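Okay, so here's the structure we're looking at.
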Amino acid sequence: MAEGARIIDGKAFAAGLRARIADAVPAFEAATGRAPGLAVVLVGNDPASAVYVGSKGKATVAAGMASFEHRLPATATQAEVEALLRQLNTDAAVDGILLQLPLPGHLDEQAAVAVIDPDKDVDGLTPVSAGRLALGIAGMVPCTPYGCLLLLQDRLGDLSGKDAIVVGRSILVGKPMGQLLLGANCTVTMAHSRTKDLPALVRRADIVVAAVGRAEMVKGDWIKPGAIVIDVGINRLPAVQGETKGRLVGDVDYAEAAAVADAITPVPGGVGPMTIACLLRNTLVAAHRRAGLADPEGF
Ligand code: NDP
């Protein structure tokens, strides 16, 4: 690894953020007589989704917040899912609503997400939240890109004038990441599967955010010396001899990029832990706004 190249420890940063959130909960309770509440809706029996929902519930309780878990069968109808979301919209104890995706194939995800009250949209996925982000109006920002922004600001401070490239333009990660970087006064390039000469564009960037879903696609010789690399990708390689499961890797060739970059997030332990921490952050902020309180400081 080149001198100065550092690992951005998302796990430690997320633990600190979660501790600060837990510290802020008692003041909210003192002001309102209740803890902030997060409702998570799981439809069907997808094992990975069930694990995510379980970890979100545990993290919510660990932060001193109220966790409400709602499970609907895989056979639930669109009307049943939307009825539950509407009920949570009107539930005063619920500040944040998260609809765990993906939904079973017969359901319309976009239509279901759009039912969520934007002020409780802690995943930041409703059309109103996306619009607020684009317009620069206070709203709920998707957790993973917000976590990436926090890691970048922690490393660099002010991001003004930096050349940033976001590789990937998904609704969940790439697009909101681009908006956040633009909001932080970066000059932003959005790259995707039709982008021409991606390596040359990446080579110009001070900040590289990779959110593609292709194992180790971004190579070390694409990285400008001294750049900051944020690797959102989570890809499992095929198991090799002696392994029961293949290794988890990001979208960036870590060893190569770490030899050139100023700092880089590892996979796992980089961006991943920030997602749940930012979900709790969004729930805390949503609770304050719904109660008519000023946003908690330092988040
Ligand atoms: P999507 O599959 O929704 O989007 C992938 C994006 O990458 C698309 O915009 C696609 O372009 C682009 N892309 C595909 N191939 C190329 C290529 N060869 N060159 C340039 N761009 C390309 O993925 P997500 O955004 O949901 O997730 C991306 C990765 O991040 C995944 O590995 C996922 O597991 C991980 N992830 C991690 C999270 C975490 O907590 N750490 C949370 C969410 C996701 P186009 O639009 O043209 O098709």
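Counting starts at 1 for both ligands and their atoms, in listed order. These figures come from a predicted structure and were not determined experimentally. Side chains are part of it too, since the values below use all heavy atoms of this structure and drop only hydrogens, waters and symmetry mates.
Grouping the Ile, Leu, Val, Met, Phe, Trp and Tyr side chains by contacts below 4.5 angstrom, directly or via other members, places Ile165 with Ile264.
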Identify each donor-acceptor pair in which a side-chain atom of residues 85-107 lies under 3.5 Å from a protein atom, sequence neighbours left out, and give them as a table.
from   : atom 1 : to     : atom 2 : distance (Å)
Asn89  : OD1    : Asp117 : N      : 2.9
Asn89  : ND2    : Val115 : O      : 2.9
Thr90  : OG1    : Gln87  : O      : 2.9
Asp91  : OD1    : Ala93  : N      : 2.9
Asp95  : OD1    : Arg34  : NH2    : 2.8
Asp95  : OD1    : Arg290 : NH1    : 2.5
Asp95  : OD2    : Arg34  : NH1    : 2.9
Asp95  : OD2    : Arg34  : NH2    : 3.4
Asp95  : OD2    : Gly37  : N      : 2.9
Gln100 : OE1    : Lys56  : NZ     : 2.8
His106 : NE2    : Ala76  : O      : 2.8

Output a table of donor-acceptor pairs, distance under 3.5 Å, between side-chain atoms of residues 292-299 and any protein atom two or more places apart or on a different chain; print 'none' if there are none.
from   : atom 1 : to     : atom 2 : distance (Å)
Asp295 : OD1    : Arg289 : NE     : 3.0
Asp295 : OD2    : Arg289 : NE     : 3.4
Asp295 : OD2    : Arg289 : NH2    : 2.8

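Listed by chain and number, residues touching ligand 1 at under 4.0 Å (heavy atoms only) are Thr144, Val167, Gly168, Arg169, Ser170, Leu172, Val173, His192, Ser193, Leu198, Ala211, Val212, Gly213, Arg214, Met217, Val232, Gly233, Ile234, Asn235, Val271, Gly272, Thr275.
One N or O on the side chain of Asp206 and one on the backbone of Asp163 form a donor-acceptor pair closer than 3.5 Å.
By the 6.0 Å contact criterion, CD on Glu243 is enclosed, its count of non-hydrogen atoms from other residues, nucleotides or ligands being greater than 12.
Judged as a side-chain contact (heavy atoms from CB on, under 4.5 Å), and not counting sequence neighbours, the contacts of Met190 are Val166, Arg169, Val188.
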